[in-house]
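Protein chains get the first letters and strands the later ones, always in sequence-line order, with residue 1 at the start of each.
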Protein chains: 2
Amino acid sequence: MVLKSFVEVDIDSHFPLENLPYGIFIIKSSEQQQQLPHPCVAIGEFVFDLSVISSVGLFNGPFLKDSDCFHQSSLNKFVGMGRPAWKEARTTIQKLLSVDEPTLRDNAILREKSLLPMSKVQMLLPTIIGDYTDFFSSMYHARNCGIMFRGPENAINPNWFHLPIAYHGRASSIVVSGTDIIRPRGQSHPAGNSPPYFGPSRKLDFELEMAAVVGPGNELGKPVDVNEAADHIFGLVLMNDWSGTTISPWIVTLDALEPFSCDAPKQEPQPLPYLAEKNSKNYDISLEVRIKSAGQEQESVLTKSNFKHLYWTITQQVAHHTINGCNLRPGDLLGTGTISGPEPDSLGCLLELTWNGKNSLNLNGLPRTFLEDGDEVVLTGVCKVISMFSYDFFFLLLPLFSSI
Amino acid sequence: MVLKSFVEVDIDSHFPLENLPYGIFIIKSSEQQQQLPHPCVAIGEFVFDLSVISSVGLFNGPFLKDSDCFHQSSLNKFVGMGRPAWKEARTTIQKLLSVDEPTLRDNAILREKSLLPMSKVQMLLPTIIGDYTDFFSSMYHARNCGIMFRGPENAINPNWFHLPIAYHGRASSIVVSGTDIIRPRGQSHPAGNSPPYFGPSRKLDFELEMAAVVGPGNELGKPVDVNEAADHIFGLVLMNDWSGTTISPWIVTLDALEPFSCDAPKQEPQPLPYLAEKNSKNYDISLEVRIKSAGQEQESVLTKSNFKHLYWTITQQVAHHTINGCNLRPGDLLGTGTISGPEPDSLGCLLELTWNGKNSLNLNGLPRTFLEDGDEVVLTGVCKVISMFSYDFFFLLLPLFSSI
């Protein structure tokens, strides 16, 4: 059954009533008025201001009634409250926005206050990110990188199959979609005994990723059980891991993604008991990367992949991250790593797509290996139900790329 | 000249009027009253509550007069204000606490409100740490590790001499001195083709480090010039990089450390221009690690090192960290890496001191290689002026180590 809202939702909209992703917005204003950021969900072409709804007492369930979680300038407090509060919020919001519910539908003043056209708002980072970890969970990506740098014999180290490998990334440089990115500078390997080369990065890449947003954390020294790990994940964002990690403004909840869950790939060898899940699942999310060059009008599709290709699940990532006693906190970000698929046109970064620059891609007739100044990179993710009805629901990420 | 306070300061105290390290405290209370954390400095056996002094208008200089920086529960706002505000605070506090100044000396009520015995307070983390980076800046440490794991021929990779290497650490698990640490568990390398070993860490080590606390940050994409980097560093803490990074509650300011500055080691090859400093300096800080085993009454001194042994300076660390456009934020932590000296008894960790467990140390008659459950590790740092007068000033770090 398709849920129907009194808010007009286009058939192609990423934001039907089944999605309701969370974000933080401020009102765009030429007068630079002191407007505080507010939590919201997306519905059609509108943001739905949850602080307004909370102020008039419409969150009246047991978890949210007396909470100030929607009067914060980030979602950290809300995501830290856990699944019962998330379910209550989702139920309340779906009901309030539904076509059959008069409370909001028939109250023009409240509608005007709470439903703001997206064109009038600016989206900010949805959470304060205390820590950001980036995994390396796609076997196809690991294998391709291994073949390129170590040869086909030792493409994947044996320990890759025993644990979800990750590195710890920098939280300060995570920016929201739309933020200009500056090409980094640094040292690179010298030829022979000459001093190192210093200058702008010559092989700037994108990396198609998604990231889990941590809900309730865990105490230092108390690992999260893999079979309870889903309760520690609020939802997913799209992520581009380039220079200044870019994430989508919208967090799509695991509750919204549940209809699109699917079996994760079979793991061989069997993981150790702390990583063995009763129910190992991924989500069927179609991912796409497009690029628009500075001089070109048209976007080119570079790759099409899918979240379901991940070998290590996000719940295994949480279990492994905490097994040593490490504490996660609400709002922390766990990146999946580049999500490559098995096909040549499903690779998640230019390094793989061009085989480290050896094979040029065709960008509307122009050859291309790595990113160039002025490029605009667009990541999208779509969950599609194909049955008697058809709709897309998901969200757009539109990071810009600009020169120094 | 020794500065003299009306507060009694023992000749052996780490907290004379020349030091005035900053911290955050709460009042210990059996009634668990809702007392907010306050910024303070240490003087003798007291903490000096800066929120009280601010409330009565005694911070009356141009930078602090109208600021609420001492009414925060962390030092982030104050450290972000920069050196002019820090100098003003130091001058004001030194004057207020001086033996010749009647304002506080002759006001018993204000003295009682603002000067609290250390035994009555609990120290918290001094800043909210957005990001934590740990460098690898001691050449002696790098060489010893290299010899152990790669042999004497390739002890140090050539690029080590071109840039201060670092990894990005986790902020959530940084705890204040005194916090119990739990031995981590995890996978380790299997023998042959058997599955990996899983269990508690068998070679738990301490690492004697210090860390710079970032003051004003920089914008994403705007690197900090190496010759201006000192203005981005508020001060130093002692740090033990084990499992759950432990730092001292006190930040000793660079202004307090200035009398102990000394030339940094000559760098060969010359660093690239972005790392070349007009004035390359370290600080002469004597460091010591002691250990007390669960069963033993007495502490054993394990090593004596010095901050001045660092090859890469903290200002070079800031310049390198930001050269790629990375943004630092107030309160960020930049660890030095293990500080080893040139002598066998100046090595900064058990890995080096026992040569990866090959040589036992003598702990009051008992052989010892790595840390054992119940150990208590104590790091101290002391700056000493030897002239007509003699005094120590510095701070104690006393992390406890306990079993799972």
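No part of A/P273 comes within reach of chain B, as not one of its non-hydrogen atoms sits under 4.5 angstrom from that chain. The contact between A/Y274 and chain B is made entirely by side chain atoms (from C-beta outward), counting heavy-atom distances below 4.5 Å.
Between chain A and the residues B/H321, B/H320, B/H189, the largest count of heavy-atom pairs under 4.5 Å involves B/H321. Ranked by heavy-atom pairs under 4.5 Å with chain A, the list B/P269, B/G186, B/G169 is led by B/G169. Of all the listed residues (B/G130, B/P158, B/S172), the one sharing the greatest number of non-hydrogen pairs under 4.5 Å with chain A is B/S172. For the set A/I129, A/L328, A/L272, A/N327, the entry with the most heavy-atom pairs within less than 4.5 Å of chain B is A/N327.
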Check against side chain to side chain contact (heavy atoms under 4.5 Å, CB included), B/L275 and A/Q187: CA-CA 11 Å; B/L275 290 172; A/Q187 298 190 24; 4.0 Å; yes
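At least one side-chain heavy atom of A/R170 sits under 4.5 Å from a side-chain heavy atom of B/T133.
With B/D131 contributing its side chain and A/A171 its backbone, the two residues share a donor-acceptor pair below 3.5 Å. The backbone N or O of A/P184 sits nowhere less than 3.5 Å from a side-chain atom of B/N324 that would complete a donor-acceptor pair.
Listed here is the closest heavy atom pair of B/L220 and A/S173: CD1-CB, 3.5 Å.
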